[in-house]
4 protein chains.
Amino acid sequence: MFSSKTNQFDLVIHNGYVVTASDILPPSVYIGLKDGVIDQISARPLTGKRVIDAEGGYVMPGGVDSHVHLSQKNTPAGDTIESGTRSATPGGTTTVIPFAVQASKDDFDVVSVVEDYHKVADGQAYCDYGFHLIVSNPNEEMLSEQLPQLVEKEGITSVKVYTTYPRYKLSDEQLLDILLSNRKMGVTTMIHAENSDIIDFIGKKLEEKKMIDPYYHSVSRPLVAEDEATYRVISLSKMIDVPILIVHMSSETALSTVREAQTSLVPIFAETCPQYLFLTADYLKHDCHHHVHKNDSFQGAKYICSPPLRQTVKELEGVWKAIQNGTVTVFSSDHAPTVYDHPLGKKAGLVNGVPHYKKVPNGLPGIETRMPLLFCKGVESGRITPQKFVELCCSNPAKMYGLGDRKGSISVGMDADLVIWYPKGKLQPFSLDNSMLHHGIDYSPFEGMEFSNWPRYTILRGNVVWDRDNGGLIASKGVGKYLKRGKSSLGGPIKELDEILA
Amino acid sequence: MFSSKTNQFDLVIHNGYVVTASDILPPSVYIGLKDGVIDQISARPLTGKRVIDAEGGYVMPGGVDSHVHLSQKNTPAGDTIESGTRSATPGGTTTVIPFAVQASKDDFDVVSVVEDYHKVADGQAYCDYGFHLIVSNPNEEMLSEQLPQLVEKEGITSVKVYTTYPRYKLSDEQLLDILLSNRKMGVTTMIHAENSDIIDFIGKKLEEKKMIDPYYHSVSRPLVAEDEATYRVISLSKMIDVPILIVHMSSETALSTVREAQTSLVPIFAETCPQYLFLTADYLKHDCHHHVHKNDSFQGAKYICSPPLRQTVKELEGVWKAIQNGTVTVFSSDHAPTVYDHPLGKKAGLVNGVPHYKKVPNGLPGIETRMPLLFCKGVESGRITPQKFVELCCSNPAKMYGLGDRKGSISVGMDADLVIWYPKGKLQPFSLDNSMLHHGIDYSPFEGMEFSNWPRYTILRGNVVWDRDNGGLIASKGVGKYLKRGKSSLGGPIKELDEILA
Amino acid sequence: MFSSKTNQFDLVIHNGYVVTASDILPPSVYIGLKDGVIDQISARPLTGKRVIDAEGGYVMPGGVDSHVHLSQKNTPAGDTIESGTRSATPGGTTTVIPFAVQASKDDFDVVSVVEDYHKVADGQAYCDYGFHLIVSNPNEEMLSEQLPQLVEKEGITSVKVYTTYPRYKLSDEQLLDILLSNRKMGVTTMIHAENSDIIDFIGKKLEEKKMIDPYYHSVSRPLVAEDEATYRVISLSKMIDVPILIVHMSSETALSTVREAQTSLVPIFAETCPQYLFLTADYLKHDCHHHVHKNDSFQGAKYICSPPLRQTVKELEGVWKAIQNGTVTVFSSDHAPTVYDHPLGKKAGLVNGVPHYKKVPNGLPGIETRMPLLFCKGVESGRITPQKFVELCCSNPAKMYGLGDRKGSISVGMDADLVIWYPKGKLQPFSLDNSMLHHGIDYSPFEGMEFSNWPRYTILRGNVVWDRDNGGLIASKGVGKYLKRGKSSLGGPIKELDEILA
Amino acid sequence: MFSSKTNQFDLVIHNGYVVTASDILPPSVYIGLKDGVIDQISARPLTGKRVIDAEGGYVMPGGVDSHVHLSQKNTPAGDTIESGTRSATPGGTTTVIPFAVQASKDDFDVVSVVEDYHKVADGQAYCDYGFHLIVSNPNEEMLSEQLPQLVEKEGITSVKVYTTYPRYKLSDEQLLDILLSNRKMGVTTMIHAENSDIIDFIGKKLEEKKMIDPYYHSVSRPLVAEDEATYRVISLSKMIDVPILIVHMSSETALSTVREAQTSLVPIFAETCPQYLFLTADYLKHDCHHHVHKNDSFQGAKYICSPPLRQTVKELEGVWKAIQNGTVTVFSSDHAPTVYDHPLGKKAGLVNGVPHYKKVPNGLPGIETRMPLLFCKGVESGRITPQKFVELCCSNPAKMYGLGDRKGSISVGMDADLVIWYPKGKLQPFSLDNSMLHHGIDYSPFEGMEFSNWPRYTILRGNVVWDRDNGGLIASKGVGKYLKRGKSSLGGPIKELDEILA
Ligand SMILES: [Zn+2]
Ligand SMILES: [Zn+2]
Ligand SMILES: [Zn+2]
Ligand SMILES: [Zn+2]
Ligand SMILES: [Zn+2]
Ligand SMILES: [Zn+2]
Ligand SMILES: [Zn+2]
Ligand SMILES: [Zn+2]
């Protein structure tokens with residue numbers, strides 16, 4: 001279409017079904033990428049320095065994984081920004097948002113906390129990234145001076161808070177303080193909602209009865225802990241009339257509570273993760289029938305995460321239903337792994353050969369498997385449409401966290417982040433082995449599952465960074481850039497702030 | 001029917017509609033009382049030393065007011081056992097259950113707490129009474145040694161706990177501890193459910209804005225505080241599978257949450273009180289249009305109670321609905337008054353002439369008006385049946401607190417506690433004036449309301465103690481006896497206790 | 001207590017736990033019966049011509065089975081008034097309410113319909129009885145002239161209508177006509193609620209596919225047919241603001257819809273029956289594993305009733321839940337049997353040896369087993385209290401149908417109808433065999449079930465009519481009397497009738 | 001961008017916010033139209049024969065009004081294809097789907113019905129159009145032979161059925177027949193859900209009481225009629241597991257029932273219309289305070305439509321809520337007008353000067369006002385996002401009815417149907433007058449309402465057909481083309497068809 005070489009696109013994609021959160025364009029469409037952005041979409045052929053024929057596969061926006069834990073100081077055997085983002089693009093993810101952590105209540109200066117994380121991340125990333133801030137001490141100074149500065153200068157427009165874990169747990173009054181402050185600043189609040197006291201109470205009983213092997217982790221954090229905390233944080237959000245996103249939801253009842261709030265226009269958003277769709281607590285058992293534990297009865301520890309894997313397939317179905325009926329807003333990995341065979345990793349839970357679930361670091365790896373799992377078992381199985389997949393994995397996380405103008409959609413002017421899947425039937429189904437993955441972790445909880453598709457190409461700002469059949473991961477460290485984010489374009493309070501709170 | 005004088009009954013009642021929680025017997029029935037109990041009910045005439053002709057009025061069981069605060073040390077200007085019970089029988093109540101209070105977290109010995117309350121009460125009561133125990137520090141020793149002793153020796157089979165008030169507030173973990181302990185002992189748990197942090201949060205905002213006159217009390221404890229805490233304590237009860245009674249419920253949403261739990265067979269019981277059926281927060285305003293404040297703009301303080309009076313008639317209707325559809329189990333007064341014009345009473349909230357709602361003691365008087373209000377505006381208005389009235393005011397509170405074998409019903413063998421109402425049309429409707437009441441308080445929140453009926457006679461263990469038209473209160477101090485109570489006959493866990501909690 | 005022989009009671013019962021819908025009196029109480037009524041209840045001994053020592057068993061009101069089909073012309077091989085009531089008192093039931101049936105749309109004169117049923121019943125009954133009227137043609141004349149006459153002269157204060165069966169089915173408009181008329185007359189409406197079109201639609205499909213053996217009866221009337229019709233008739237009731245009782249409910253969803261209506265104070269009452277608590281559709285299969293079909297693959301036909309037995313134990317649990325949480329008002333048998341081995345009985349469904357479910361007469365026997373089943377598997381198992389049992393089996397059906405002043409409670413002045421159960425452990429558990437029953441039917445669907453208790457004595461208006469250990473059924477035909485009934489004392493519209501409907 | 005004149009676009013749009021159902025592109029984007037389709041979207045300038053500068057206004061897809069009644073034989077004083085479509089593009093609508101009507105049960109041949117409608121429509125339309133088929137007699141032949149032919153040859157992939165109106169009303173069994181047939185063919189079913197019997201019943205009462213002026217139309221079709229029928233048709237849909245769209249929903253309760261079905265993944269879609277968001281039944285009153293009735297007390301007849309306008313603003317808010325929370329799928333006009341001052345129009349309801357609501361033709365005009373109303377009072381007021389507006393007015397109706405590949409989105413390759421709004425503040429707010437509209441009707445129910453925006457340009461397949469400031473409606477009759485439609489891309493059964501129904 002261009003008259004001269006200089007007008008050529010850097011890269012042209014054609015012959016694929018182009019999917020956005022609302023539409024599917026037919027393979028006759030051409031996408032022209034230039035200078036890192038989606039420059040043109042055209043009904044007529046475009047020419048480019050390089051042309052990729054999608055051969056009838058889906059062409060989707062690059063994934064946004066808005067909940068990952070990388071290079072956190074409190075996870076010495078976890079993934080770093082480098083190793084974690086290395087596994088992003090091979091799984092179709094082009095943007096991640098890890099956390100900068102106010103790791104202790106005495107960490108008063110969150111501006112320098114963020115600075116530290118910048119230092120750690122600089123030049124390390126294989127995909128684009130931003131930072132959320134985990135707040136464990138929302139004091140007056142932080143809320144009124146430091147946070148506004150981070151919003152303004154760093155584009156950190158989201159914070160995560162917890163109702164559990166001694167180190168992070170906020171009281172309801174602290175939650176109200178930060179929710180009100182966030183409403184005023186337009187900052188999005190992510191909440192980990194589990195009732196801490198319930199967990200402590202059961203924990204003591206289990207301890208007394210010496211029920212402490214990895215499986216009891218799942219018993220110690222029952223559904224009711226999530227259900228209660230979910231109702232509670234929704235109550236708080238409703239009081240302030242401020243949007244919140246409840247992370248990693250795993251309970252059908254809690255998701256119903258979210259649904260009821262959404263029905264009443266309370267601005268509640270929900271996130272879930274692959275582990276709550278695909279894995280039950282059986283995996284935590286030392287004699288799990290799902291797979292041979294290779295003579296290692298401690299391997300259940302690999303499946304310890306919080307909220308825990310739930311007991312029944314019926315519960316997994318409840319989470320699926322919440323995806324299908326629209327309750328769930330965002331599908332993330334909650335990638336929060338530690339190496340299994342490492343004294344500070346999962347094996348920390350083995351003290352003199354005796355397993356204790358409380359000593360096992362929580363969390364699973366999952367950046368790389370997130371999108372392939374939902375694609376194969378959601379889209380290809382017919383449970384969800386390709387558009388819904390894009391909405392959950394790409395568009396909504398981008399919009400939720402102030403990246404809706406750049407990421408998460410195949411729209412002209414946006415960053416040229418794309419993932420191209422194999423056309424149906426092209427790829428021989430295979431069973432996942434950890435050696436296929438690019439993270440720094442020695443296992444995947446999804447090993448042994450069968451995959452019928454996988455990202456064939458991943459393109460980051462116009463560059464092919466993953467070409468599965470020709471070179472695999474072909475980007476180098478440092479290609480990923482830091483993202484200053486704007487304000488969320490999902491939700492947002494409409495009513496005027498109550499006079500008393502103003 | 002009796003052959004000789006010696007066989008005569010002490011008292012015979014006839015010609016009234018005899019009401020139990022399930023039936024209404026016709027006026028042709030005779031009730032023969034002897035030695036303090038209901039000795040015979042007969043279809044044929046009985047003879048007695050004294051005979052009362054009910055003239056076609058309702059004959060009902062004496063009322064059981066299972067939530068009253070008397071002689072509490074922390075309420076120096078409140079009602080005593082003497083002055084409080086004095087106002088019981090004129091209002092149709094023959095049994096009250098006030099609280100023995102573990103008044104501070106350092107009050108370690110609850111056995112001696114109860115002893116002290118016994119000393120205060122001995123010989124003072126005008127009606128029968130028991131004690132609940134308010135627990136503010138459920139430590140191991142108390143739960144495992146003192147409480148069992150109180151159950152065994154004193155028949156104290158119910159405890160009250162709070163989710164609010166600095167002095168009483170228990171954490172969720174403490175609530176779980178006491179719920180589990182109570183389940184094992186068969187003790188009933190009453191819970192005051194309001195989210196403390198929400199109240200503190202709003203309180204600070206109001207303070208900052210100098211919104212502190214009495215009306216702001218109602219703003220400071222919003223519906224959401226009750227709704228949240230209700231969901232939470234139901235979650236905890238469900239975990240332990242133990243019955244709880246949520247006291248003084250005032251929110252339609254919270255009552256719906258109870259209803260849903262009841263539907264699912266979670267053993268939740270609800271209590272409400274007259275103030276939540278008849279009064280809105282308008283009464284708290286200094287320029288309340290309901291009544292002339294007699295040149296005293298501080299009189300809104302008279303209406304300060306917790307949970308507070310709610311804002312709208314629609315909310316009152318929600319509570320009525322919960323009475324009518326069966327959600328509410330018990331109707332009590334929550335009589336917790338203080339004298340208005342007293343430096344330690346309501347006037348404590350006027351500091352140098354400046355009103356501050358936080359300094360006003362919480363609570364209203366209501367023992368004497370409880371039953372007349374519900375009778376006139378519930379039964380006579382056609383909202384509820386006479387049987388439902390008896391269930392709510394008499395039978396259920398007796399059963400709930402282990403008195404179902406003695407109190408709360410007109411059944412042979414039970415204590416001869418009766419109340420006889422005027423036949424319809426016999427009593428000239430009148431407007432209530434505090435001078436008509438027998439408590440020690442200088443006002444009633446229900447003054448000015450019109451009553452179309454009132455207890456005509458009240459009989460306590462066979463003795464007429466209140467004869468409205470002939471002498472009024474004719475019993476003397478000390479006639480009331482202490483009641484050692486058995487275990488609740490309502491609810492009770494059915495499922496076996498989970499192995500982990502056993 | 002009586003001074004002379006002439007003052008002696010006809011019969012005295014003592015030493016049993018006396019149960020009403022609200023209370024349990026201790027064994028120390030004496031009940032004195034005289035002239036057919038409960039004459040006295042006394043805390044002190046009474047003397048009588050005969051004295052029964054209940055030995056610590058429960059003493060309960062005689063049962064009221066308010067839904068039975070006897071001597072209906074359309075059931076030539078069914079039970080008659082004689083054979084049906086013969087099996088009432090051995091099962092603890094002292095009152096039944098069968099139907100007088102407007103059997104065809106051309107049956108214009110319902111007054112003479114009732115006369116005919118009187119003729120058939122006169123002198124035949126072993127227990128007291130009334131009549132409901134089944135209305136299949138609610139024309140103007142019937143509603144305005146005949147029905148008022150039946151209410152007035154015959155005490156027929158309840159009608160049953162259907163949303164299904166070609167012969168009986170009324171349109172929604174006809175239902176509205178009769179509901180409005182019933183509201184104005186204070187007549188109670190019973191509704192059989194299944195969507196007729198759904199059943200016809202599936203019936204055709206099954207016919208086409210030759211899926212016609214007895215099991216397909218249960219497929220042909222799916223839950224959705226009951227769920228839909230339940231919502232519909234509740235809508236109609238709500239419009240007119242008139243109480244209805246939905247008969248023989250078998251669906252958890254439909255019962256939830258009733259619960260929601262009750263929550264909103266729509267006056268809906270629900271009935272269920274033993275078959276929906278104890279039997280699944282497995283029994284309809286020719287190769288049912290529950291029992292040997294004795295070389296007769298057609299025996300599934302014995303279990304054909306409408307609504308049908310449901311498919312899963314989970315569904316039965318849903319009905320139990322509705323009993324336990326208070327949704328269900330009345331527990332009846334829907335005794336509507338036919339002889340199995342009779343050309344006009346169940347065997348009518350075998351045409352030339354080929355089974356066809358549509359040709360099998362619907363209905364099961366159950367008068368005699370109704371109360372023992374719920375007593376053993378409800379009360380003794382701990383699912384419900386003895387009071388709840390009395391409410392469901394005795395008090396509520398009596399109140400619902402205008403007999404609350406005479407039947408269904410142990411109250412002075414009421415008919416002396418009582419049932420005395422064996423004290424716990426006294427009776428050796430046994431397996432039911434049809435030979436133990438007194439109906440005219442050659443099988444029971446509950447054969448083979450184990451019973452741990454059974455009515456030991458049944459007393460009808462002061463006479464022992466069933467003494468299991470001494471003579472069994474000792475009453476003779478004709479002892480039962482016709483009951484002119486008053487108006488329902490449950491529910492009843494409160495709001496004024498809308499001007500448009502007045 | 002093109003090198004030569006021949007490569008120029010026919011029309012280029014730039015400098016507007018380009019909105020799809022999921023995204024908003026910034027004004028820097030250029031849209032190039034060529035040969036009637038959206039040929040390119042580009043981040044860099046495009047050149048065209050004509051260029052429109054949107055000046056910062058919204059650029060949206062042309063509207064799809066999927067529920068309009070035009071040239072129906074039974075509406076002699078209604079709009080024709082010509083006059084109705086004439087008012088489409090000035091209101092932003094570029095596609096309409098009127099109905100071909102099987103107008104009587106004796107109309108056996110629906111193929112020739114459609115032929116007739118083609119003849120009437122040919123060369124008359126100002127915008128593109130398809131046909132739904134209204135089915136009043138779903139006999140076997142029609143379902144098995146004619147409908148498949150219409151799907152195949154005519155692209156008629158949707159039918160509308162009714163539960164009300166004597167002429168159209170189908171029984172539940174007929175509904176099941178057509179639902180099953182539609183499932184097998186992939187045809188979408190639209191259902192008008194009001195309970196016919198309820199309406200007839202009230203109608204008779206109103207007639208008896210001479211309550212017949214226009215206002216009583218709204219009384220005669222109460223909410224419960226819609227609520228009941230909604231639950232019923234959802235039950236039928238669930239049975240067959242086939243998607244349905246319930247048209248013109250007006251009841252909060254019915255919409256909640258839809259929401260619950262959607263939550264459970266029953267494939268139910270909902271439509272609502274402007275009249276249910278903006279007008280209450282007050283407008284039907286002869287003394288309506290909303291506007292001077294100009295000495296004509298019959299003007300309430302202008303507001304007669306079915307379902308009727310509802311009584312309260314609260315009810316309107318309920319419909320708004322269903323739009324905001326996602327329950328509503330499609331926003332259509334249900335344009336079904338008749339001339340007011342015409343003997344076969346609304347005035348047919350005046351018989352000898354006496355008004356009778358039953359004789360007034362039902363229906364309102366609304367094609368032209370549909371999108372401006374929702375834009376001004378939904379988008380500009382902040383109730384909904386621009387994306388939600390596009391979803392409801394454009395994308396969803398297109399997808400629902402098999403036009404998702406051509407209409408309803410701004411995507412490359414799709415028809416170049418666009419509407420450009422005024423930039424905020426550019427247009428002086430004005431009050432609507434019927435003279436501004438282009439239909440053939442002598443009034444609009446929305447006259448007098450204030451509008452702050454309006455379509456500035458409407459483009460149909462690349463041609464500017466409406467230029468509000470320069471010539472207004474500049475297209476000529478016949479420019480609109482008939483649309484053969486594909487199958488719906490919303491919903492669709494996932495589960496395999498039950499063996500019995502297969
Ligand atoms: Zn977390
Ligand atoms: Zn996390
Ligand atoms: Zn309290
Ligand atoms: Zn209290
Ligand atoms: Zn029936
Ligand atoms: Zn029946
Ligand atoms: Zn319609
Ligand atoms: Zn229409």
Side-chain angles (χ1 to χ4, degrees), chain A residues 1-4 7 18 20-26 28-32 34-35 37-44 46 255-256 259-266 320-322 324-327 381-383 385 387 390-391 395-396 398-399 404-405 408-414 489-490 492 494, chain D residues 1-4 7 18 20-26 28-32 34-35 37-44 46 255-256 259-266 320-322 324-327 381-383 385 387 390-391 395-396 399 404-405 408-414 489-490 492 494-495:
Chain A
M1 208 68 198
F2 289 101
S3 60
S4 68
N7 271 333
V18 180
T20 72
S22 60
D23 296 306
I24 303 184
L25 306 188
S28 55
V29 155
Y30 286 72
I31 306 173
K34 196 166 177 69
D35 299 337
V37 303
I38 297 171
D39 193 82
Q40 275 195 351
I41 303 177
S42 171
R44 282 174 290 165
L46 301 179
L255 283 158
S256 296
R259 176 84 168 167
E260 280 168 39
Q262 291 170 340
T263 298
S264 305
L265 307 181
V266 184
W320 268 113
K321 196 177 72 178
Q324 292 170 280
N325 69 21
T327 306
S381 74
R383 275 188 187 260
T385 60
Q387 295 104 309
V390 167
E391 183 185 304
S395 306
N396 273 353
K399 291 175 181 175
D405 56 342
S409 187
I410 300 182
S411 288
V412 168
M414 289 203 180
S489 56
L490 289 184
I494 285 174
Chain D
M1 210 71 197
F2 289 101
S3 60
S4 68
N7 269 334
V18 180
T20 71
S22 61
D23 296 306
I24 303 184
L25 306 189
S28 54
V29 155
Y30 285 72
I31 307 174
K34 196 165 179 67
D35 301 336
V37 303
I38 298 172
D39 194 83
Q40 277 195 352
I41 303 178
S42 171
R44 281 173 290 165
L46 301 179
L255 284 157
S256 297
R259 177 83 169 167
E260 280 167 38
Q262 291 170 340
T263 299
S264 306
L265 307 181
V266 185
W320 269 113
K321 196 176 74 178
Q324 291 170 281
N325 70 21
T327 306
S381 74
R383 275 188 186 258
T385 60
Q387 294 102 310
V390 166
E391 183 185 304
S395 307
N396 273 353
K399 291 175 182 174
D405 55 343
S409 188
I410 300 182
S411 288
V412 168
M414 289 203 179
S489 55
L490 289 185
I494 285 174
K495 285 177 283 178

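Just so it is clear: chains get the letters A, B, ... in the order the sequence lines come, proteins before strands, and each one is counted from 1.
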Nearest-0.5 Å distance, CD1 of residue A:Ile410 to CG of residue A:Asp23
11.0 Å
Engaged part of A:Ser28 at the chain D interface, taking heavy atoms whose separation is under 4.5 Å
neither
Answer whether the closest heavy-atom distance between the side chains of A:Gln40 and D:Val412 falls below 4.5 Å.
no
Most contact-rich option vs chain D, by heavy-atom pairs under 4.5 angstrom, among A:Asn396, A:Ile41, A:Val29, A:Ile24, is A:Ile41
A:Ile38 versus chain D, the contacting section by heavy-atom distance below 4.5 Å
backbone
Minimum heavy-atom separation for D:Gly408 to D:Ser395, with atom names?
O-OG, 2.7 Å
If you count heavy-atom pairs within less than 4.5 Å of chain A, which of D:Thr20, D:Leu25, D:Asp405, D:Thr263 leads?
D:Thr263
Mind checking side chain to side chain contact (heavy atoms under 4.5 Å, CB included) for A:Leu265 and listing every partner two or more places apart, or none if nothing turns up?
D:Lys321, D:Gln324, D:Asn325
Are the side chains of A:Ser22 and D:Lys399 in touch, meaning some heavy atoms are under 4.5 Å apart?
yes
For chain A, find which of D:Gln387, D:Arg259, D:Arg383, D:Gln262 contributes the most heavy-atom pairs closer than 4.5 angstrom.
D:Arg259
